[in-house]
Amino acid sequence: MAAGAAEAAAAVVEVGSTRQFEELLRLTAKSLLVVHFWAPWAPQCAQMNDVMAELAKEHPQVSFVKLEAEAVPEVSEKYGISSVPTFLFFKNSQKIDRLDGAHAPELTKKVQRHASSGSFPPSGNEHPKEDLNLRLKKLTHAAPCMLFMKGTPQEPRCGFSKQMVEILHKHNIQFSSFDIFSDEEVRQGLKTYSNWPTYPQLYVSGELIGGLDIIKELEASDELDTICPKAPKLEERLKVLTNKASVMLFMKGNKQEAKCGFSKQILEILNSTGVEYETFDILEDEEVRQGLKTFSNWPTYPQLYVKGELVGGLDIVKDIANVHSARLHLSLTSRLVHILSTFTFSAWASGMLCVDWSRWTSALHVSSRACSLIPLHFQNTSTKNSSLDGAWVAQSFKQPTPD
């Protein structure tokens, strides 16, 4: 194991001078060269050095180099290195790509893409430029309002981008964003495409509005609210999200990777039933994470919804699974919603119908906790005028239905 580690470390070359770098650039002209500009005082750089060592194992045909940015300032200044870690990609002795920040998955993706591609066409070929312009057009039209920024709205990586995000949030403007640090081709190409040399850049319907100074002027003149699309109110958004699929799970993480033990357990239960469901990662949207607690009057996660109605959290789902299979109960829920949907809510609210809940839950052998599957406004409705026989509801549930 020690020998393997030494071999991996040896695969990453350390450069200590401008002359050594230029010589290495010449010698590796026909292959892919990945250069990590790093600093010994930055812990994220040490982590990315480990990532580089692993990538060197997987891609022996690629040359990996680490260069201490402050120790070789001539090279750092030449390539505009202003922060660490930063990765530059070279082919044919020319820089072809760049990645700013400690993004291991993105680094891996870029190495795989460039390592598998052939030689790049001569710079005189106009086809790549046409392809880039088409890509930029698609990106600027990717959402009604698009912000090209350094970092993300959750983690802006420059003061101007941070101010821009704060202004858009302050005015409740709905926007999507693109991190220019994640794609050097887009970062440089958009400057020419839009004839705007700096970032952030804000686009509406594919048209450039401007940078931070322009947005500040529009805000001062009260024009910003008329130009940019407004985000829907939180309650409307939560209604849409909870009804996005017949069965919706709001959790920490996603189907592929749960990020807490409770979310992992509820995934295992749902996966064991074969029920089709969608998930929403609350860790990626703080507004939804906090808003849904009030919207559903349920303070914890995960939360499971069926047909837009809250079922409950892990304990409720476990209780349902223990009484019978979760698949059966989710099926029962769907049938109940179908039966109840034949009656309007106004009929229930006006007291035209009443259900003896204790009779049908007894007939179905459903626990009292599992009754949380039924919307509370149905459970709490009572009337003297008429009733819906619980045994009849139970019989309806026993009827076979096509899958």
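Because the structure is predicted, anything quoted here is derived from the model rather than measured. Positions are given from 1, in the same order as the sequence printed here.
- In the displayed structure, Lys191 atom NZ is contacted under 6.0 Å by more than 12 heavy atoms of other residues, nucleotides or ligands.
- More than 12 non-hydrogen atoms from other residues, nucleotides or ligands lie less than 6.0 angstrom from CD of Gln44.
- In this model, a donor atom of one side chain and an acceptor atom of the other lie less than 3.5 Å apart for Ser221 and Glu223.
- The local environment of NZ in Lys95 is crowded, with over 12 non-hydrogen atoms from other residues, nucleotides or ligands closer than 6.0 Å.
- With a 4.5 Å cut-off on side-chain heavy atoms, Asn133 and Lys137 do not count as touching.
- Side-chain atoms of Gln201 come within 3.5 Å of backbone atoms of Thr198 as a donor-acceptor pair (strictly under, hydrogens ignored).
- Shown here is Glu155, whose CD atom has no more than 12 heavy atoms of other residues, nucleotides or ligands within 6.0 Å.
- For Glu276, the CD atom sits in a loose shell: 12 or fewer heavy atoms of surrounding residues, nucleotides or ligands are nearer than 6.0 Å.
- For the pair Leu314/Ile269, a side-chain contact is recorded, criterion being any heavy-atom separation below 4.5 Å from C-beta on.
- Annotation: side chain of Val35 is in contact with side chain of Leu33 (closest heavy-atom distance under 4.5 Å).
- Screening Met52, His59, Lys110 against Val34 for a side-chain contact (heavy atoms from CB on, under 4.5 Å) leaves a single residue, Met52.
- The shortest distance between side-chain heavy atoms of Thr18 and Val72 falls below 4.5 Å.
- The side-chain hydrogen bond (donor to acceptor under 3.5 Å, both in side chains) with Asp100 is formed by just one residue from the set Arg187, Arg157, Lys150; it is Arg187.
- Taking the centre of each ring, Phe280 and Tyr301 stay at or above the 6.0 Å mark.
- Close placement of the Phe148 and Tyr203 rings is indicated, their centers lying within 6.0 Å of each other.
- Under the 30°/60° scheme for interplanar angles, the aromatic rings of Tyr305 and Phe250 are found to stand perpendicular.
- Between Met164 and Ile215, some side-chain heavy-atom pair lies under the 4.5 Å cut-off.
- Between Phe89 and His114, the ring planes are tilted. Angles from 30° to 60° get that label.
- Contact of the Val13 side chain with the Phe64 side chain is not registered, since no non-hydrogen atoms from C-beta on lie closer than 4.5 Å.
- When side chains are defined from C-beta on, Glu278 does not count as touching Lys244, because their heavy atoms never get closer than 4.5 Å.
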